[in-house]
Amino acid sequence: MPPGFTAKVGRLETFTLPERVSGSVSDKAIADAMIGAWRRDGILQIGMTKSQQRVYQAASATSRRFFAQPHARKEACVDGSSYSGYIASGEEITDGVADYSEIFTVTKDLPHTDKRVAQGWPCHGPCPWLDQEMKAVMNKYMEDLAVSGEKLLQLIEMGLDIPTGSLTKYTADGWHHMRVLRFPQNNRTNGKGKKGRGIGSHTDYGLLVIAAQDSVGGLFVRPPRDTERFSNWEKSSAGLRENEAGWVYVPPVTGTFTVFPGDMMQYMTNNFLQSTPHKVGLNVRERFAFAYFHEPNFRSVIRPLPGYNAGQSPLEGIHYGTHFTNMFLRNYPDRITTARLQEEGRYRLLESKELRDDDEPL
Ligand SMILES: O=C(O)CCC(=O)C(=O)O
Ligand SMILES: [Fe+2]
């Protein structure tokens with residue numbers, strides 16, 4: 001565990017995803033157990049298949065190669081129309097404090113000729129890869145996790161006893177994205193953040209987070225409690241309870257991903273599955289991690305799920321693209337992408353019909 005933290009050491013339940021979710025009795029048993037684990041622990045593990053281990057290893061090697069580049073080379077990986085690319089240590093803000101994480105963010109890689117980019121849709125644009133090898137390896141990793149993400153959603157539909165497609169109807173051309181992360185050793189920081197803090201406590205934005213970490217350790221989660229409610233889409237949950245008791249350390253386990261729900265899952269299920277608060281501490285060695293986010297389509301308007309509609313706020317649903325954009329504006333106030341979005345007055349496009357898929361729920 002990172003020095004300076006006191007937390008219970010988690011013992012996470014581990015699941016094996018079926019090759020295909022068919023609706024079988026065994027799928028239903030897995031689905032129910034997963035829901036139970038998230039409601040109890042806020043997080044669970046899934047075992048990597050042999051081929052996933054290879055894809056993960058390749059992504060890890062590429063991540064290390066990227067972060068080992070000279071600063072100028074990394075810094076050049078920025079794009080003015082998307083939030084893809086490099087974020088230096090001390091550049092990201094969580095609850096007003098700089099994070100020490102060094103990040104490469106991957107959002108949907110769209111050329112300037114793409115209609116959505118040409119029309120100035122917020123957050124849409126190319127991914128400024130270091131090189132073609134990085135592009136190929138990271139895309140492969142994300143495509144692989146997208147398959148696991150869909151299986152997980154199908155299992156959640158079974159576990160929640162809701163009609164097939166209630167969740168997966170949102171993820172056609174989903175706004176899946178990823179953060180490739182490096183955390184400096186605790187005594188080798190640039191002094192811009194807070195001692196020992198890697199990333200402040202926060203929740204993530206969409207349906208599911210599928211995370212992976214090396215053997216160093218640094219992640220903590222906050223299991224759901226009825227007495228604590230975070231609704232990040234209404235009021236920022238960043239920084240909340242960061243220094244209070246009640247955090248659980250997530251020990252690295254080779255060959256597993258950890259999975260937890262995001263903000264949209266919490267809203268749709270009316271808090272039955274809560275978006276899990278988590279934070280990262282700096283350790284005595286540098287640490288590498290990935291956070292993949294399995295998300296709705298950018299244009300989706302998210303509604304409560306059948307049987308989980310208790311009139312939760314907001315009644316009109318949540319436009320995922322607006323929630324995503326708000327979160328990135330908040331975390332990267334000084335980034336060129338934020339400045340351009342605001343200067344060019346493109347935020348208001350989020351209100352336009354073209355950016356909203358407002359189907360009624362199933
Ligand atoms: O470093 C980790 O394990 C998690 C990182 C994280 O929470 C994030 O990138 O949103
Ligand atoms: Fe996170």
Side-chain angles (χ1 to χ4, degrees), residues 1-2 5 7 10 12 42-46 56 59-60 63-64 67 83-89 91-95 97-107 138 141-142 145 175-186 193 196-222 230 232 236-242 247-254 256-266 274-283 285-295 323-324 327-328 330-332:
M1 196 182 311
F5 289 81
L12 276 45
I43 189 165
L44 55 77
Q45 278 169 181
I46 56 174
Y56 166 71
S60 297
S63 164
R64 285 168 187 268
F67 288 117
Y83 282 97
S84 288
Y86 184 61
I87 299 150
S89 180
E91 193 187 330
E92 172 176 277
I93 309 294
T94 296
D95 191 35
V97 180
D99 292 326
Y100 276 130
S101 46
E102 203 186 344
I103 308 164
F104 188 94
T105 302
V106 185
T107 58
M138 294 303 172
Y141 182 66
M142 289 179 73
L145 284 182
W175 190 254
H176 310 317
H177 57 282
M178 179 163 82
R179 282 151 60 89
V180 182
L181 302 126
R182 175 188 171 270
F183 296 86
Q185 186 176 314
N186 58 357
R197 178 183 182 270
I199 302 180
S201 75
H202 66 280
T203 60
D204 289 311
Y205 318 141
L207 296 170
L208 292 172
V209 183
I210 308 179
Q213 58 179 333
D214 67 11
S215 61
V216 174
L219 178 65
F220 297 84
V221 298
R222 200 163 177 88
F230 305 82
N232 192 37
S236 174
S237 61
L240 281 174
R241 316 256 166 169
E242 186 168 310
W247 291 90
V248 172
Y249 175 62
V250 179
V253 177
T254 309
T256 65
F257 294 113
T258 53
V259 188
F260 48 94
D263 297 341
M264 294 303 101
M265 190 67 83
Q266 179 183 341
Q274 289 186 46
S275 188
T276 303
H278 54 288
K279 63 178 184 179
V280 182
L282 299 183
N283 216 324
R285 283 190 288 145
E286 68 175 342
R287 170 176 180 268
F288 294 86
F290 293 93
Y292 164 85
F293 306 99
H294 198 69
E295 308 288 278
H323 180 54
F324 178 88
M327 297 300 102
F328 276 66
R330 180 171 90 195
N331 296 345
Y332 308 110

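Every value quoted in this text rests on a predicted model; they were computed, and no experiment measured them. Counting starts at 1 for both ligands and their atoms, in listed order.
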Residues Glu286, Arg182: salt bridge by 4.0 Å N-O rule: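 Yes, this pair counts.
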side-chain contact (heavy atoms from CB on, under 4.5 Å) between Met178 and Phe104, worked out: CA-CA 8 Å; Met178 179 163 82; Phe104 188 94; over 6 Å; no
Side chains of His176 and Val106 in contact at under 4.5 Å (non-hydrogen atoms):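 Counting from C-beta outward, His176 and Val106 never come under 4.5 Å.
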Min side-chain heavy-atom separation Ser60-Asp214 under 4.5 Å: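 A side-chain contact is absent here, since even the closest heavy-atom pair is not under 4.5 Å.
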Listed partners of Ser63 passing side chain to side chain contact (heavy atoms under 4.5 Å, CB included), at least two apart: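 If we apply the side chain to side chain contact (heavy atoms under 4.5 Å, CB included) test to Ser63, skipping adjacent residues, the hits are Phe67, Met138, Val180, Phe288, Phe290.
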Contact partition for Asp204 relative to ligand 1, non-hydrogen atoms under 4.0 Å: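 It is the side chain that gets close, since no backbone atom is under 4.0 Å.
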Residues in salt bridge (charged side-chain N to carboxylate O under 4.0 Å, His left out) contact with Glu295, at least two apart in sequence or another chain: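 In terms of salt bridge (charged side-chain N to carboxylate O under 4.0 Å, His left out), with neighbours along the sequence ignored, Glu295 is linked to no residue.
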Does a donor on one side chain and an acceptor on the other come within less than 3.5 Å for [X] and [Y]?
X      : Y      : result
Glu92  : Tyr332 : yes
Asn232 : His202 : no
Ser201 : Arg241 : no

Using a strict cut-off of 4.0 Å, indicate which atoms of ligand 1 neighbour a heavy atom of [X].
X      : result
Ala291 : 8 (C), 9 (O)
Phe183 : 1 (O)
Val280 : 1 (O), 2 (C), 4 (C)

Ligand 1 contacted by Phe290 (non-hydrogen, < 4.0 Å):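 The answer is no, since Phe290 has no heavy atom less than 4.0 Å from ligand 1.
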Protein N/O/S atoms closer than 2.8 Å to the Fe ion (ligand 2):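 Listed by chain and number, the atoms are His202 NE2, Asp204 OD2, His278 NE2.
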In terms of residue, atom name and distance, what is the protein heavy atom nearest to [atom]?
atom                   : result
atom 5 (C) of ligand 1 : Leu181 CD1, 3.7 Å
atom 9 (O) of ligand 1 : Arg179 NE, 2.6 Å
atom 1 (O) of ligand 1 : Arg287 NH1, 2.9 Å

Qualifying residues under ring pair (Phe, Tyr, Trp, His ring centres under 6.0 Å), relative to Phe324, sequence neighbours excluded: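 With sequence neighbours excluded, Phe324 shows a ring pair (Phe, Tyr, Trp, His ring centres under 6.0 Å) to Trp175, His177, Phe328, given in chain and number order.
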